[in-house]
Protein chains: 4
Amino acid sequence: MGAVKTKRMPRAVREQQMLDAAVRIFGQRGYMAASMDEIAELAGVSKPLVYLYLNSKEDLFTACIRREATALTAAVRAGVRQELPADRQLWEGLRAFFAHTAEHPDGWSVLHLQARTHGETFAAEVAAMRAELVTFVTRLVVVAAREAHRDPGLPEREVAGLAEALVGAAESLAAWANATPGVTARQAAATLMNFAWSGLGTLMSGRVWAPPGEET
Amino acid sequence: MGAVKTKRMPRAVREQQMLDAAVRIFGQRGYMAASMDEIAELAGVSKPLVYLYLNSKEDLFTACIRREATALTAAVRAGVRQELPADRQLWEGLRAFFAHTAEHPDGWSVLHLQARTHGETFAAEVAAMRAELVTFVTRLVVVAAREAHRDPGLPEREVAGLAEALVGAAESLAAWANATPGVTARQAAATLMNFAWSGLGTLMSGRVWAPPGEET
Amino acid sequence: MGAVKTKRMPRAVREQQMLDAAVRIFGQRGYMAASMDEIAELAGVSKPLVYLYLNSKEDLFTACIRREATALTAAVRAGVRQELPADRQLWEGLRAFFAHTAEHPDGWSVLHLQARTHGETFAAEVAAMRAELVTFVTRLVVVAAREAHRDPGLPEREVAGLAEALVGAAESLAAWANATPGVTARQAAATLMNFAWSGLGTLMSGRVWAPPGEET
Amino acid sequence: MGAVKTKRMPRAVREQQMLDAAVRIFGQRGYMAASMDEIAELAGVSKPLVYLYLNSKEDLFTACIRREATALTAAVRAGVRQELPADRQLWEGLRAFFAHTAEHPDGWSVLHLQARTHGETFAAEVAAMRAELVTFVTRLVVVAAREAHRDPGLPEREVAGLAEALVGAAESLAAWANATPGVTARQAAATLMNFAWSGLGTLMSGRVWAPPGEET
DNA sequence: GATGAATGAGAGTTCATTCAT
DNA sequence: TATGAATGAACTCTCATTCAT
């Protein structure tokens, strides 16, 4: 286990090795339970070198979050072809999302589980990525309405809420798919697409479920 | 800060105080970062007493999970009136769920975030609760289908996936509602209900969104 | 396990129950590893009562040592009939000694092993018992010589040394016999008697092994 | 008190310092009463370093046992010249044994007292050493018998019992010699040799002391 | 005569972090 | 560029001991 011990590598390479190791350990053990010893060993370097390059456990974790968040948003962006209709774009985005999280389960664990359980600082790092995904979905909903030559029929804030819900559902499903043997990324994407698009479609067609008026 | 230091309480009372403190600390710091010292102090007792009554950090955490899980499922069940139609039951269940988690944020943090990031044992405890909630939702779907004289036609795993999605969406919306001025938890619940019910309704009516056949 | 929980016993009886429990626990676990909790539980009383009657762990251990030491010397004394010849007296003494240590292995463990590994105070308690046994053996050797109408032919100090050796050998053998399955007390006594008496006999007949004169 | 605090020593050296300190503390206080803090301080290092090098208290104790056992058997073996007759070899072995244990009282305490009072694991470590010494003595007896053109005729278990007796006698004598003014360790050794050799000699000549047949 | 409730003090162990080279 | 040597601080857990009834 662990990288082969090769000496005198350029800094950039070494740093990536360390981040690889760190993401794996952090993703599997969590921030607190992860030990710098284990990370250094898995990276095939000595502990002082990790500190030399990445300063502290906190900085190392932050670097992991940033790298994984960037990679994830890039993957989603790369998976979408903007010339297609909105539902296809959403489908492709979801597929790219689930494919990436399935291929990088530790990275996703870092982003979705570990970073949210240890203080505001780390959570804020993830929030930026989240915001980007929400914006992407929101745009799609608006585009879909325009394609149907119709106003979405929903106030702007409701659209934002729906986008939040969708992203949250996707995040949860990704973790579930990774943890449940036999569930492929594609199946998870289909389940969500089905649910989300049907729900959105119904909503946009004007059939809104009305909450009862009583108060409690 | 902390409970008032009252001496010589009967065991049952002290245990609840300890669990209160533990849920708070575990919910905010996470399992690993929480220290028994801090929990004991917040509970207003000495550390040995915590160990005398609750055995170990692990057992204490398990006790927290169990108590909070029981409380949550009880709240949801209590919020639902079975004589109502299925959509109203789901609405009430969601409202009870949102209300309870909003009033017990630390408990919810324990169940949803902390217990899932530290070992199979804890995750299994939560899984039991989740299974109960999923059963509740599933029953509603079946009832709804019966009311519409139709078979729901959803395989078991699909239901589990939808439950994951729903919980993820709910969380997401709750956080968003808290963070966005002018959006109440009730409105967030309505948005989710809208989304979920429309989605489920469409699925049950057989109108399934078809993923394109191409491979990438 | 443990005594049946009977309430309101006279003090003397309760004390013996506590000592019984303490000897067992101390003998098996050692002084440090024994816990007052375990002792109290085995005695069938609450911990405060142990403290009320026996003051402290140290005092409790001392009481154990005293009781067991007294019982052992009494047993040896009771086993010997002074009207018999010296070799028979030694044999009977050894048999009584090995029989008692075999029947009270925990008591013997307390005296021979545990009391010697924790500070001068406890060791001193055992020393008194030891002195008594040494005196007994010494007297026998002198008597044996007188019976043979001969001066032992050994200086007084040599006799004292031999007695020390014999007692040490007996102590060691007793522990060994208790720890070795299949070795009876009688066999151990015979082995030692054989060895000791033959050795002593040879010595008294004047055939002394001469240490070489060289110095190193 | 304690070793002079020298920094940055090679690992092997530090390990020996730690073992030195550990043998001293374990020998004087016993396994349970010894604290890792005290050992570390006496060794002139911090506690974590002790754990880094020796893993745990248990491993540290085992390492002590092994080192001291090896040293003792080596000392005995080194003290014996095989070309001499058996009685001289035994004498030399005893002297080496006495000399070594007198010079390393803490080591001897670890081997003889402390290791036997705490669990099977430690006792087994000592048993190996003891077996080696017993083998040595046994060989001498066999050699002596061959020199006398006779079969020793002692069953294996009898030999083990005699070895126990011998060690117990030796200890006893050593302690007595230390406590009695005017008695040197060498004289004590001679007394023991006398006792042991005469006893063995008599036994081998077939003159066995017969225990009386009565039962009690 | 007897105990449920409670704790100060200290144990073994681990970890993020740094120094000296 | 890279590391073997080293530690302060904190953690979980246990224990002998006492108080209030």
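All values below were derived from every heavy atom in this structure, side-chain atoms included, with hydrogens, water molecules and symmetry-related copies excluded. Chain letters run A, B, ... following the sequence lines, proteins first and then strands; every chain starts at 1.
- The separation between C:Met18 atom CE and E:dA2 atom P is 8 Å, rounded to whole Å.
- Within the 4.5 Å cutoff, side-chain heavy atoms of C:Met36 are placed close to those of C:Leu60.
- For the OP1/OP2 pair of E:dA2 and a distance below 4.0 Å, the side-chain nitrogens and oxygens of C:Arg14 include at least one atom meeting the criterion.
- When side chains are defined from C-beta on, A:Thr70 does not count as touching A:Arg67, because their heavy atoms never get closer than 4.5 Å.
- No side-chain heavy atom of C:Arg29 sits less than 4.5 Å from a side-chain heavy atom of D:Met32.
- One cannot find a donor-acceptor pair under 3.5 Å joining the base of E:dA20 and the side-chain atoms of D:Arg8.
- When rounded to the nearest whole Å, the span between CG of A:Asp37 and C1' of F:dG4 equals 13 Å.
- As a whole-Å value, the separation of C:Glu15 CD from E:dG1 P is 11 Å.
- Side-chain atoms of C:Phe122 and C:Gln114, non-hydrogen and from C-beta on, never get closer than 4.5 Å to each other.
- When each of E:dA2, F:dA6, E:dC15 is scored by its nearest atom to the side-chain atoms of D:Pro48, the top-ranked nucleotide is E:dC15.
- The side-chain contact (heavy atoms from CB on, under 4.5 Å) test with B:Arg11 singles out one residue from B:Arg14, B:Met9, B:Glu15, and that residue is B:Glu15.
- The CZ atom of B:Phe26 sits 10.0 Å away from the CG atom of B:Leu19 when rounded to the nearest 0.5 Å.
- Computed from C1' positions of five pairs at each end, the angle between the two local axes of the helix from E:dA2-F:dT21 to E:dT21-F:dA2 equals 30°, rounded to 10 degrees.
- A cation-pi arrangement is found for C:Lys57 relative to C:Tyr31, the charged atom lying closer than 6.0 Å to the ring centre and inside a 45° cone about the ring normal.
- One interatomic measurement links the two molecules: CD1 of A:Ile39 to C1' of E:dT17, which rounds to 14 Å at whole-angstrom precision.
- Atom NZ in B:Lys47 sits about 18 Å away from atom P in E:dA6, given to the nearest Å.
- At a threshold of 4.5 Å between non-hydrogen side-chain atoms, the residues D:Leu42 and D:Ile39 do not count as touching.
- Residue D:Arg11 is classed as a sugar-phosphate contact, given heavy-atom separations below 4.0 Å to backbone atoms only.
- The NE2 atom of D:His112 lies 6.0 Å from the CZ atom of C:Arg116; values are rounded to the nearest 0.5 Å.
- Shown for residues 29-36 of chain A: residues whose heavy atoms fall under 4.0 angstrom of DNA chain E, namely A:Ala34, A:Ser35, A:Met36.
- Proximity of residues 50-57 of chain D to DNA chain E (heavy atom under 4.0 angstrom from any strand atom) is restricted to D:Tyr51, D:Ser56, D:Lys57.
- Atom CD in A:Glu41 sits roughly 13 Å away from atom P in F:dT3 (whole-Å rounding).
- For the pair B:Leu49 and D:Glu58, nearest-nucleotide mapping onto DNA chain E gives the more 5' position to B:Leu49.
- Here the P atom of nucleotide F:dA2 and the CE atom of A:Met9 are 8 Å apart, to the nearest Å.
- Residues A:Met129 and A:Glu68 form no side-chain contact, since every pair of their non-hydrogen atoms from C-beta on lies 4.5 Å or further apart.
- As rounded to whole Å, 13 Å separates atom C1' of E:dA2 from atom CD of C:Gln17.
- Side chain of A:Ser109 to main chain of A:Pro105: no donor-acceptor pair is present (N/O by atom type, distance under 3.5 Å, no hydrogens or angles).
- With respect to the salt-bridge test (charged N to carboxylate O, under 4.0 angstrom), the residues D:Asp59 and D:Arg66 do not qualify.
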